[in-house]
Each structure stands twice: as C-alpha cells, then as structure tokens.
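After the structure tokens below, expect a handful of questions from me.
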Amino acid sequence: MIDLRLVREQPDVVRASQRARGADESLVDALLAADAARREAVRRADDLRAEQKAASQAVKKASPDERPAVLERAKKLAAEVKAAEEEQRAADAALRAAHLAVPNVVAPEVPPGGEDDAVTLRTVGTVPAYDFPVRDHLEIGEALGAIDTERGAKVSGARFYFLTGPGALLEFALAQLAITRAVAAGFTPVVAPALVRPEAMEGTGFLGAHAEEVYRIERDDLYLVGTSEVALAGMHAGEVLDLAGGPRRYAGWSSCFRREAGSYGKDTRGIIRVHWFDKVEMFSFCTPEEAATEHARLLAWEEEFLALLELPYRVVDIAAGDLGTSATRKYDIEAWFPSQGAYRELTSTSDCTTFQARRLGIRYRDADGKPQIAATLNGTLCAIARTIACLLEVHQRSDGSVHVPEALRPWLGGHELLTPGMSLAAAPGPAAA
RNA sequence: GGAGGCUUCGCCUAGUCCGGUCUAUGGCGCCGCACUGCUAAUGCGGUUUGGGUUAACCCCCAUCCCGGGUUCAAAUCCCGGAGCCUCCGCCA
C-alpha cells in the first residue's frame, strides 16, 4: 500500500508513476474519492457514537419517571449508530480496495518503458569462447548423473527434477556458500517455513496480480511460498523494530514453489524454470531514508556471489512497466547461458520502500520515539536450481567434465572437476576440505 | 484427533464470577521537573496504538488476542476463530 498522505498532497506524483508503469491513472482519482468518502463516513459515525454514549450514560442517571423517554432516545440512537457503522464499514472496504489497486510509486530514476526496455548498467566478466559444440545444462547434467528430469516427471510431473550425485552435492555447496557469505556480511541466517497463512501471502502482495502463480493448500487454508521473502517479511508483521543500529538483515533458506501458469512452452527443457526449487534470499528491514543505499548493498552482495562462482553477468535496471507491484525499483542480474547465447535472469533485488511494511504493520521508532513505517528490501542470493544450470553450462569442457569454482570446492570434496563416472569421495591431497 | 487452562495500553499485573464515572489499577522501565555540594535516593508529573478534526493546542471516536452477537450500555455475558501452555492419542 502506498502512503495515503502522498496521494492527498501530491496526487500528480502518483499519477505520473501510474503512467510510467503503463497502469491506469484514474485509479489515483478513485483512491482520492474513496479516501474522502471514508473520512466523511468516519466523521458521521464518530459524532453519532459520541451522542449515543451520552444518551447511554443518561439512562443510568435517569429517575424512574424519565427513564422510559430516555431509554427510547438511546435505543433510537443505537439504531442510527448501527446504520452509520455499516456505512463506515463499506467505506473502509471501498478505500482498502482502491488502496490495494495502486502499486508502489516508481522511483524517478527508473528507466521508462516495458519488459524490453531494461537498461544494462554494466557487464562483468568475459563471455567464454568454446572451441567445441556447447551442450546445454541438461545434457551435461545427465552425463554427470547430476540431473534427472525424466524421473522427476514420472514422480511429480512436468517441471520437476531429481538432483542426484554431484547435482545434489552442488545444491548443498551453493547453499553453504551463500549462507556462509551472508553470515560473514552480518546477516542472520534463517530457515523459513515454506507454508504460510493467507495474511502473510496477502501482506507481501502475492495474492494480487500474481495469485495465479501461487500454490494453495485449500484444506488447511495455507499457501506454498514462491520465495522465502513471504515468510521473512511476515516474520515481523505487527511489530515495532529497533532500527537505530542500522538495517536488520536476514538470509532465509527455503524451498520455493511456483505454478508457472502462463509460461507454457517457455523453458520447458532442463531446470531453468521449475515448479519447485530452493533459494537463499536476502531480506532487509530499514528506515525509508536508508532504503536506496541498502538496495545498492544487496546488489553488491549478489554480484560478489556471482564473482565467486566465476560467472559472467550483466546488471540490468528494470523499466517501470516491468516492475513488480511492491517495488519502487528493481535490479536483475542476468548470467550468461552459453547454450542459449543469452543472458538470463539469475537474481533479482527489489526496493519495496514502505509498501509491504504498511500492509504488514512493520514499524520502527524514529528519533522522537514515534512509530513510523519501515522499509523492506529483498534480493536473491542464490536460486539454486537455475544457478546449477548456469554453472554447468558456463564451466563445461569439451570432454563433458565441468570446472568447479574454487569457492565451491570445500563442499565438493575438494574436487576441481566434476567428471562423468567420478567418485564423489573427497579428492586426495590438501585441497580436500 | 481429544480434554483443560490462559491472552489486559513496552514488560509484569489488578479488574472478568454478579455489565454502567474501566475516562482500565499498581509495579518495572523510559521521559521531564524538583530537591540534594556529584549521573544515587526521594518526591511530583508524564508515558498504548490507530483514526477524525486542526496552522497548532484542544477536543472527539475506536482500541482489554481477532471476528460476530445480546444490550440503552460489554475488558466483563453468548457464539465462532487464532495463538500460547498442560495432559492424552498418533507421529518423522
């Protein structure tokens, strides 16, 4: 939810933001109208309640003679209050609906345009040249005994997979490296629930435009999260946080589930787009003043991680029309996939300013001790399945083996290469962890 | 899955049986002032969170886990739900 004061005081800013997103500008005026209507309804109900309270007191003090008349008046007022409260409830609901319909205000620096208008901020690393026909990650993974999508489909359906042998080890190696780096950077590591209640899903904005993407367990009224962001944001819902010492940072590990409705036919091969994967997600709570700086830090930590994996990538500044509902600004990191000859999204970091926190009631105390709405930010540290796919492709060799980045070796038995048919036992020598 | 207990304004707590100055008591913490030849003790005052109104102060409304209901009137009575705790059952 955006700040209603901003809508009242600078509606043009919000209208401009809607234009930039390619969203409906009239929603802003609808919101203003709903806001005014609600305030009117509140005033009426408040005034009536005050009158009724006095009348109710009078009942008690009335002499036996006066009592019937006074009681009659109190009853009449009670009925009026009930009607006024009904109207207020309707006005509240209308305002909420209008409020939820408006996405976060786009930061002024965000590039204009839609999906194809992201601006590349920088390209890092060299795209490797291969003097042999490159294989895609599935072909490599199958040869290594690392990925099995056929049996994944047998057991669970399309877009499911098994990670086996070196693939399973890679999963843990990436998770370990990500969590280790996050802890070194001061994050609190968290293992978060993957099933959440509707309020958490709603509060983080995933039941709006993305509702079709979400798995729901109807029988228990729970949702499977598409990212641990949901649980991490919900973790402090309704709390007043102490942010005097700077941002509060969590690195959450969880499985993530996505229905991938509407992506039929896209990335059907391999494990780039799947219904389930595990992910280490960074999440920050901070003051609104710190948010933009924090966003840059999250991006820096993402870049540092890709550097450790020795993956070439580029950083793109997502255009206004392609921003998520909650984001004021978003950077994606796209890594090179040789089999596709293209950069594909590997991580994403969004600055949600106060948009999520307002809905979830996450606050902090300012210098005057007054509660204020906090800002929230999120960023992928490592989406494991897709990262494995990228690693296998980029680091492939002509003989079907795969180079292991040094940073991952401590968790891969010290091996410098993954080779078809290899033993997974630790490599001999001092390199072994 | 079954039975019982609990949830009060930062923390602890009185109040709930038997509805009405509950405008919610007290302690701790915190803030201010006073006093004292030291930032200790003491005394006095303040201290929930939202919303409405306002230039601001004031004032008004709501808020005793949440949502309904009964009533002129609900922290208090009734129904539903959530969370926590204890016990039984089942279980990785």
Side-chain angles (χ1 to χ4, degrees), chain A residues 1-10 31-100 191-203 216-223 230-231 234-245 248 254-255 285 354-374:
Chain A
M1 290 178 164
I2 64 170
D3 188 353
L4 274 182
R5 270 179 320 181
L6 180 70
V7 183
R8 288 178 200 151
E9 289 162 18
Q10 301 179 63
L31 179 53
L32 277 170
D35 180 44
R38 186 199 73 107
R39 281 189 285 171
E40 183 53 37
V42 164
R43 185 168 29 210
R44 263 201 306 273
D46 276 6
D47 290 349
L48 272 171
R49 260 192 297 263
E51 231 182 299
Q52 194 223 3
K53 258 171 85 168
S56 181
Q57 289 299 323
V59 169
K60 197 190 157 211
K61 290 175 190 151
S63 69
D65 288 355
E66 305 168 322
R67 204 179 148 84
V70 174
L71 195 60
E72 198 48 48
R73 179 175 142 71
K75 282 186 180 181
K76 185 165 169 272
L77 274 169
E80 285 178 39
V81 165
K82 199 164 183 178
E85 283 181 340
E86 200 52 55
E87 281 173 36
Q88 184 189 335
R89 218 180 318 233
D92 277 337
L95 173 62
R96 186 178 158 77
H99 203 172
L100 290 175
V191 178
L195 282 165
V196 300
R197 318 177 79 176
E199 303 90 82
M201 216 61 184
E202 206 162 38
R216 175 162 180 226
I217 314 281
E218 194 146 354
R219 185 168 166 176
D220 298 289
D221 202 18
L222 289 169
Y223 291 89
V230 177
M235 195 159 113
H236 289 305
E239 295 183 24
V240 179
L241 300 175
D242 182 3
L243 296 178
R248 189 130 156 189
S254 86
S255 290
F285 298 91
T354 57
F355 191 85
Q356 282 179 335
R358 183 167 292 108
R359 238 196 272 198
L360 291 165
I362 302 167
R363 296 174 296 173
Y364 69 99
R365 290 194 189 278
D366 64 16
D368 298 327
K370 288 221 168 219
Q372 303 287 353
I373 306 288

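Residue numbering restarts at 1 for every chain, and letters A, B, ... go by the order of the sequence lines.
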query: In whole Å, what separates the P atom of rG83(B) from that of rC90(B)?
result: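 One P to the other, the span is 24 Å.
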
field: Exercise: identify the closest heavy-atom pair between M1(A) and R358(A)
entry: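 In terms of heavy atoms, the two residues are closest at O-NH1, 2.7 Å.
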
task: Please state whether the phosphate of rU49(B), meaning OP1 or OP2, lies under 4.0 angstrom from any side-chain nitrogen or oxygen of K370(A).
output: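 For K370(A), the contact criterion (side-chain N or O under 4.0 Å from OP1 or OP2 of rU49(B)) is not met.
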
task: For R38(A) and A91(A), work out which heavy atoms get closest and say how close.
output: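 Reported closest heavy-atom pair: CA-CB, 3.8 Å.
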
Rounded distance in Å between the C1' positions of rG89(B) and rA82(B):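 Pairwise C1' distance, rG89(B) against rA82(B), rounds to 23 Å.
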
- prompt: Of all the nucleotides listed (rC60(B), rG52(B), rG20(B)), which has the minimum atom distance to the side chain of R43(A)?
  reply: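 Out of rC60(B), rG52(B), rG20(B), the nucleotide with an atom closest to R43(A)'s side chain is rG52(B).
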
- request: Considering just the side-chain nitrogens and oxygens of R363(A), establish if one lies under 4.0 Å of OP1 or OP2 belonging to rG10(B).
  value: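 Answer is no, no contact under 4.0 Å.
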
query: Hey, are R49(A) and E85(A) close enough for a salt bridge, meaning a charged N less than 4.0 Å from a carboxylate O?
result: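 A salt bridge links R49(A) with E85(A).
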
message: Applying a 4.0 Å non-hydrogen cut-off, can you work out what R44(A) is touching in the nucleic acid: base, sugar-phosphate, or nothing?
response: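 Here R44(A) touches no strand at all.
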
field: Options rA73(B), rG52(B), rC60(B), nucleotide nearest the side-chain atoms of A78(A)
entry: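 From the listed options, rA73(B) comes nearest.
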
field: Integer angstrom distance from the C1' of rA41(B) to that of rC59(B)
entry: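 Taking atom C1' in both rA41(B) and rC59(B), they lie 40 Å apart.
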
message: Please report the distance separating the P of rU8(B) from the corresponding atom of rC58(B), rounded so that it comes out in whole Å.
response: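 Straight-line distance between the two P atoms is 30 Å.
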
message: Could you tell me how far apart R358(A) (CZ) and rG51(B) (P) are, to the nearest whole angstrom?
response: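 R358(A) atom CZ is separated from rG51(B) atom P by 11 Å.
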
- prompt: With sugar-phosphate meaning primed atoms plus P, OP1 and OP2, does K53(A) contact a base, only sugar-phosphate, or nothing at under 4.0 Å between heavy atoms?
  reply: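 Sugar-phosphate contact only.
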
- request: Determine the Euclidean distance between corresponding P atoms of rG80(B) and rG4(B); express it in Å to zero decimal places.
  value: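 Here rG4(B) and rG80(B) have their P atoms 13 Å from each other.
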
- request: Using only side-chain N and O atoms of R38(A), determine if any of them is under 4.0 Å from OP1 or OP2 of rG51(B).
  value: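 No, R38(A) has no side-chain N/O under 4.0 Å of OP1/OP2 on rG51(B).
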
query: With both distances under 3.5 angstrom, what nucleotide forms a Watson-Crick or G-U wobble pair with rG83(B)?
result: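 Answer to the pairing question: rC6(B), which forms a Watson-Crick or G-U pair with rG83(B).
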
- request: Starting from P on rG67(B), measure out to CG on D92(A) and report it in whole angstrom.
  value: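 In whole Å, rG67(B) P lies 12 Å from D92(A) CG.
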
- request: Between R365(A) and R67(A), just flag the one whose closest nucleotide in RNA chain B comes earlier from the 5' side.
  value: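 Taking each residue's closest nucleotide, the earlier one in sequence belongs to R365(A).
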
- prompt: Expressed in whole Å, how much space separates the C1' atoms belonging to rA62(B) and rA75(B)?
  reply: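 Pairwise C1' distance, rA62(B) against rA75(B), rounds to 14 Å.
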
field: 5'-most by nearest nucleotide on RNA chain B - D35(A) or A45(A)
entry: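 By nearest-heavy-atom nucleotide position, the 5'-most residue is D35(A).
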
- request: Select base, sugar-phosphate, or nothing to describe what R197(A) touches, counting heavy atoms under 4.0 Å on all strands.
  value: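 Answer is sugar-phosphate: R197(A) comes under 4.0 Å of backbone atoms only.
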
field: K60(A) vs rG20(B): side-chain N/O to OP1/OP2 distance below 4.0 Å
entry: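 Looking at the OP1 and OP2 atoms of rG20(B), neither is under 4.0 Å from any side-chain N or O of K60(A).
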
message: Classify A55(A) by what it touches in the nucleic acid, base, sugar-phosphate, or nothing, heavy-atom distance under 4.0 Å.
response: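 The answer is nothing, as A55(A) stays clear of every strand by at least 4.0 Å.
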
field: Backbone N/O of A84(A) and side chain of R44(A): donor-acceptor pair under 3.5 Å
entry: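 No.
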
Nearest heavy atoms of A192(A) and S254(A), plus distance in Å: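 Of all heavy-atom pairs spanning A192(A) and S254(A), the closest is O-CB, 3.7 Å.
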
message: Taking the P atom in each of rU71(B) and rC11(B), what is the distance between them to the nearest angstrom?
response: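 It works out to 36 Å between them.
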
message: Any carboxylate oxygen within less than 4.0 angstrom of a Lys/Arg side-chain nitrogen, looking at D47(A) and R43(A)?
response: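 No salt bridge links D47(A) with R43(A).
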
message: Quick check for you: among rA62(B), rG51(B), rC72(B), whose closest atom lies nearest to any side-chain atom of L71(A)?
response: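 In terms of side-chain proximity for L71(A), the closest of rA62(B), rG51(B), rC72(B) is rC72(B).
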
query: With sugar-phosphate meaning primed atoms plus P, OP1 and OP2, does Q52(A) contact a base, only sugar-phosphate, or nothing at under 4.0 Å between heavy atoms?
result: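 Counting heavy atoms under 4.0 Å across all strands, the contact made by Q52(A) is with sugar-phosphate only.
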
field: Nearest-angstrom distance from the residue atom CD of E199(A) to P of rC65(B)
entry: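 Spelled out: CD on E199(A) to P on rC65(B) is 18 Å.
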
message: In whole Å, measure the gap between the C1' atoms of rC64(B) and rC12(B) for me.
response: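 Going atom to atom, C1' in each nucleotide, I get 15 Å.
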
- prompt: Sub-3.5 Å donor-acceptor pair from the side chain of H99(A) to the main-chain atoms of L31(A), do we have one?
  reply: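 Flag not set: sc H99(A) to bb L31(A) has no pair under 3.5 Å.
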
- request: Side chain of P371(A) only, please: which of rG50(B), rC72(B), rC60(B) is the nearest?
  value: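 Of rG50(B), rC72(B), rC60(B), rG50(B) is nearest to the side chain of P371(A).
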
query: Is any side-chain nitrogen or oxygen of R89(A) closer than 4.0 Å to OP1 or OP2 of rG68(B)?
result: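 True: R89(A) side-chain N/O within range (under 4.0 Å) of rG68(B) OP1/OP2.
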
message: Tell me whether the side-chain N/O atoms of K82(A) come closer than 4.0 Å to OP1 or OP2 in rA73(B).
response: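 Checking K82(A) against rA73(B): no side-chain N or O falls below 4.0 Å of OP1 or OP2.
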
